[in-house]
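In what follows, a structure is listed as structure tokens, so that the remarks can point back to it.
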Amino acid sequence: VPLLLACEAFATYVALRAVELCSFDRLLVAVWVFRLVQCEAFYLLTVALKRLIIGKFAAGKRPGTLHDTWRRWVLDRFTRNALFLGATEPYVNTELLSWKYRLLGARIGKRVNVDFFDSVEFDLLDIGDEVVFGSCVVLAPSDDAEDLPIRIDDGANVLDHSVLLGGVTVERRAVTGTCTLGPKSHVFPATSISTGRVRGAPVLLKFQGDVEDGTSKLPEADRERVLEALAAHRDPAVFYAFNAFCAASALLLEPATTALELLPVYFSTSYAAAFMAWLLAQLVPLGVLCLAKRSVIGAYATGDAPYYGDMHHRWVFMMALGSVADDLLDAVQGTCFAAYALRALGAEIGEDCCLFYGALLEFDLLRIDSYASTGSGCDLTCHTVENMVVKFAPVTISKGASMRSGALCMPGGGLGTMATLSAGSQVLKGEVVPAAEFWSGLPASFSSSVDDARSAFEGLRPPAVEGEFTPEGIASALGLSLPAAWKLFAAKARGDGDALRLFSSLSRARKVAHLSKRRTLPPFHLRPPHLRPGKLAISLEVTTKDAQGIIQGWRRGDADAVAAVRKGRVLLVAKHLEVDEDNAKAILRAARAGDESSRAQLQSYRGGRGRGRGRGGRGRGRGRGKGRNVPPLRQLCVRALRRPRAGN
């Protein structure tokens, strides 16, 4: 930490000296130069640290020493620092970013369309020519045991949110689609398209062939667009002109952001003027983005845009410009203002929607109907990149549908009415979750039916115990809140002794699927005499089988069975206390009213020591056999819920 702070301080000192030497008259230019120099100075310090102190990472077994762990941690802290991000993220899609990664040790080929990716062991990255990266890619060559290189061959595509672990090879022209996991030492075959992860491995969708050797399975029109993009990509004039365009867009937009931040300073004559200037600085970016979209793009429409074409340039510019309004769009998430902002940008938003999001860009292709909701971190972009062709398609979230946190609906996909997409799940391109269904997974598939908003919870229930218990049933039967019932399931999964005993007692007492639909019947050793078939049969002068049927009817709420159980209770209380039926009814009424003496008499009837029975008596105490010394259910609940998480 002191090393990191020292480097930040030194980068700041260099930036201040640069501003002082240049003697800028305008505050805006001075701040812009200060930020630029500060970020670049910190990046150069990171490179020096990597080369002089941290050193190279080599393939093989990890040493496991404190020094090895320390150097990885230090480099990770530096590459995640805001100043390092400020020196790399603005140069996405440019050769300049490739050179910055090369200085950190990565081997990167020619004409790579590189995005900012998350990695630490840069020396173990081998990236071929003409590779295309998406956003939020993670390249992790190292695990706890060993370091293995990651190789990405010529023309491969590693798209958004992909994660590649050590030893992965992405062969020529292979595509790892959005949210693909490349497990350790996995090989993505040449020209294959993979996505997601099922049981820890990616799903192979198909083989697309190679457009250059005539094996492509693409339609003729799509093949021509790919060849057009490749030809432009290999033209040095086109390639470096596009690089200059991307870098200039990022660098020239920085002063605009700085001007908005400094706006309250120019109007600091009074508190009211400064506040109004600050409020204006928050709203201006949204207005600028709306006007720029209408003038530069017009309206996004379904179609394809080859790399380096006119539409591609405009799309890249809008992507850079969109960062200006990111703070405002993030601030209004979850409020009614989010719907107003997205409507102003061209999206079709219904009434009473709850909107959180992670990424937004092609607003005109986004449609969210009334009462729908999207969770935090949801990707609502409406484009994919395939073989240097940007494909635009609409995304539709129908009425009442719900996307949980981190979910992703690919372009051309959607959710039907009242459908639910689980957290972190992905709907593939062109797929639609049917109405009233719950889907989950990468890629998403059917999980359960959803009849209303509450039953969407069904798909996320913990596994039942022998088909018996649900969180709602446990909560209803034991008088707990739903979160407390969830904690009981979690405690059982951890092997907590009290939770296991609680579920064991309930399991012996229940032979039905849902606790919440029937009366709760305590374990046999805790039942009062009128709920024991043998005792009830004697009191009502019926067979034991008939008594069992009466008890089952009582559990279902059958009126005749309830009346019979009440009659049996009166007769058994009268016999136990050696009184007549009228006095037994009076004692029961007094106990319900709170009379302590009557309650004590009923306690002996329910299983206490009673008259003439000591602590070691049979049948009336805690039970016999396996039931001996079993705490009451409520006490087991309290113990299980109070136990620390790191317990059993």
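Index from 1, following the sequence.
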Atom pairs and distances, donor-acceptor, side-chain atoms in residues 243-252, under 3.5 Å, two or more places apart:
residue, atom, partner, partner atom, Å
Asn243, OD1, Glu95, N, 2.3
Asn243, ND2, Phe239, O, 2.7
Ser249, OG, Phe245, O, 2.8

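- A salt bridge is absent between Arg111 and Asp129: the closest approach of a Lys/Arg side-chain nitrogen to an acidic carboxylate oxygen does not fall below 4.0 angstrom.
- A salt bridge links Asp123 with Lys50: the distance from a Lys NZ or Arg NE/NH1/NH2 to an Asp or Glu carboxylate oxygen falls below 4.0 Å.
- Using a 30° and 60° split on the angle between ring planes, Tyr101 and Phe116 fall in the tilted class, from 30° to 60°.
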Query - side chain to side chain donor-acceptor pair (under 3.5 Å) between Gln38 and Thr12, intermediate numbers included - result: CA-CA 5 Å; Gln38 184 187 32; Thr12 303; 2.9 Å; yes

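- Geometrically, Lys100 engages Tyr43 in a cation-pi contact, judged by NZ or CZ lying under 6.0 Å from the ring centre and within 45° of the ring axis.
- Electrostatic pairing of Arg72 and Asp147 counts as a salt bridge here, judged by a charged N lying under 4.0 Å from a carboxylate O.
- Here Ala423 pairs with Arg404 under the side chain to side chain contact (heavy atoms under 4.5 Å, CB included) rule; sequence neighbours left out.
- Side-chain atoms of Tyr308 and His233 include a donor-acceptor pair closer than 3.5 Å.
- By the 4.0 Å N-to-carboxylate-O rule, Asp496 lies too far from Lys492 to be salt-bridged with it.
- Taking the side chain as every heavy atom from C-beta outward, Leu139 and Phe122 never approach each other to under 4.5 Å.
- Between Arg62 and Glu121 there is no salt bridge, since no side-chain N of the basic residue sits under 4.0 Å from a carboxylate O of the acidic one.
- Here Asp160 pairs with Ser135, Thr178 under the side chain to side chain contact (heavy atoms under 4.5 Å, CB included) rule; sequence neighbours left out.
- A salt bridge links Asp118 with Arg80: the distance from a Lys NZ or Arg NE/NH1/NH2 to an Asp or Glu carboxylate oxygen falls below 4.0 Å.
- Here Asp210 pairs with Arg172 in a salt bridge; the nearest charged N to carboxylate O distance falls below 4.0 Å.
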